[in-house]
Amino acid sequence: MASHIDLHSHSTVSDGLLTPSALVHHAVAQGVDVLALTDHDDVAGLDEAAQVAAEQGIEFIRGVEISVTWNRRTLHIVGLKIAKDCRPLMDGLAAIRQGRHVRAEAMAESLSRAGIADSLQGSYRFAGQGIIGRTHFARFLVEKGYAKDIRSVFKKYLVKGKPGYCEHRWADMADAIDWINQSGGIAVLAHPGRYDLGRTNMLKLLNEFREMGGRAIEVVTGSHSVDQYQHFAKLSHQFELMASKGSDYHGTGHNYIEMGRLPDLPDLCTPVWHDWPEFRQE
Ligand code: AMP
Ligand code: MN
Ligand code: MN
Ligand code: MN
């Protein structure tokens, strides 16, 4: 039987709802047998997930999803097969996490000007030991009754132009790709269909991403439509970038799609795992 692969997922180390260990158990239950954990800007869940994956007999890929700024836009770069404890990568991620604390304070101040008190403490409560991000503010705002669910709370408070949104300077895309490459990993442009770039800017992004050492793009991901699978399959082929596939699972109620439900990559694609020993072809 061929492997069922999922190369993008989140745990409580970032903004997922399941602990690394529970996430691996969930993946197994959904029939996934090659899993990457790719928490935002942190690798603190990888050892636990790797251990449980080994116990459960599935393949585990060490990953991370790095927040970057490119042309004043926020993009996400997934690193797959990153080595443990690579200094430039660890230092880079630590700096991004520090920036997240600064941004969280600005978001809380802005929400407080909009009449919403105590969102900093409230959101850190949801973040627990993990990184702080907009999803934790979203959970706090839903708890307080400011919106009915995560999706509507983002629309109302946490996107550009709304009170809880603060412009933020993340890592440079070139640096993030460098850190990943230095750790022996593969840099993958996450969910390109979510950036709303227009054709010219998308082509410019793919050109620069490739020149900077990026190797793959996500073609099949939870937030892409079936049309977008085809569209990005063609672009990956055109730019000679490999193709990746991952649910971007965050937990029930947060995800675009359940784990283990994504279709295969279109035939046109060269899978990012084409030469990985973890993947069984037959
Ligand atoms: P941050 O990196 O802190 O800005 O948060 C980004 C995260 O927020 C993403 O990884 C998603 O998990 C979540 N997110 C962003 N936009 C939305 C949305 N419209 N609805 C639900 N979750 C979202
Ligand atoms: Mn997230
Ligand atoms: Mn993302
Ligand atoms: Mn993600």
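In each ligand, atom 1 is the first atom listed, and ligand 1 is the first ligand listed. All residue numbers in this chain count up from 1 along the given sequence.
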Student: Is there at least one pair of N or O atoms, one from R194 and one from ligand 1, spaced under 3.5 Å apart?
Tutor: no
Student: Same hydrophobic cluster for V32 and L18, using side-chain heavy-atom links shorter than 4.5 Å among ILVMFWY?
Tutor: yes
Student: Identify which of W170, Y165, F154 has a heavy atom lying nearest to atom 19 (N) of ligand 1.
Tutor: F154
Student: Using distance alone, with no hydrogens and no angle criterion, decide if Y195 and H76 have a side-chain donor and acceptor under 3.5 Å apart.
Tutor: no
Student: Between H10 and S14, is there a side-chain donor-acceptor contact under 3.5 Å, judged purely by atom types and distance?
Tutor: yes
Student: Which bit of D15 gets closer than 4.0 Å to ligand 1, counting heavy atoms only: side chain, backbone, both or neither?
Tutor: side chain
Student: Could you check which N/O/S atom of E65 is closest to the Mn ion (ligand 4)?
Tutor: OE1
Student: Decide if atom NE2 of H25 counts as having more than 12 heavy atoms of other residues, nucleotides or ligands within a radius under 6.0 Å.
Tutor: yes
Student: Any side-chain to backbone donor/acceptor pair from T38 onto S9? Under 3.5 Å, distance only.
Tutor: yes
Student: Using distance alone, with no hydrogens and no angle criterion, decide if H136 and D15 have a side-chain donor and acceptor under 3.5 Å apart.
Tutor: no
Student: For the residue pair D248 and T221, confirm or rule out a side-chain donor-acceptor distance under 3.5 Å.
Tutor: no
Student: Please work out which of R100, H40, H250 has its closest non-hydrogen atom nearest to atom 2 (O) of ligand 1.
Tutor: R100
Student: Considering residues, nucleotides and ligands other than K81, do more than 12 of their heavy atoms fall under 6.0 Å from its NZ?
Tutor: yes
Student: Would you say the Mn ion (ligand 4) has H191 as a near neighbour, meaning an N/O/S atom of that residue under 2.8 Å away?
Tutor: no
Student: Is there any N or O on T135 that sits under 3.5 Å from an N or O of ligand 1?
Tutor: yes
Student: Taking the Mn ion (ligand 4) as the vertex, measure the angle between atom OD1 in D248 and atom NE2 in H8; round to 10°.
Tutor: 80°
Student: At the Mn ion (ligand 2), what's the angle from H40 NE2 to D15 OD1, rounded to 10 degrees?
Tutor: 80°
Student: Test of understanding: given a 4.0 Å heavy-atom threshold, classify the contact between H136 and ligand 1 as side chain, backbone, both, or neither.
Tutor: neither
Student: Within a distance under 4.0 Å of any heavy atom of G133, pick out the atoms of ligand 1 and give their elements.
Tutor: 3 (O)
Student: Suppose I only count heavy atoms of R103 and a 4.0 Å limit; which atoms of ligand 1 are within that range?
Tutor: 1 (P), 3 (O), 4 (O)
Student: Give the C-alpha distance, both sets of side-chain angles, the deciding distance and a yes or no for side chain to side chain contact (heavy atoms under 4.5 Å, CB included) between E143 and R139.
Tutor: CA-CA 6 Å; E143 180 194 59; R139 288 180 195 147; over 6 Å; no
Student: Can you tell me if E65 has a non-hydrogen atom under 4.0 Å from ligand 1?
Tutor: no
Student: Please determine if S67 has a nitrogen or oxygen closer than 3.5 Å to a nitrogen or oxygen of ligand 1.
Tutor: no
Student: Quick test: of every protein heavy atom, which one is nearest to atom 6 (C) of ligand 1, and how far off is it to 0.1 Å?
Tutor: R134 NH2, 3.7 Å
Student: Does H168 come within less than 4.0 angstrom of ligand 1, counting non-hydrogen atoms of the residue?
Tutor: no
Student: Apply side-chain contact (heavy atoms from CB on, under 4.5 Å) to N207 and list each qualifying residue two or more places apart in sequence or on a separate chain.
Tutor: F239
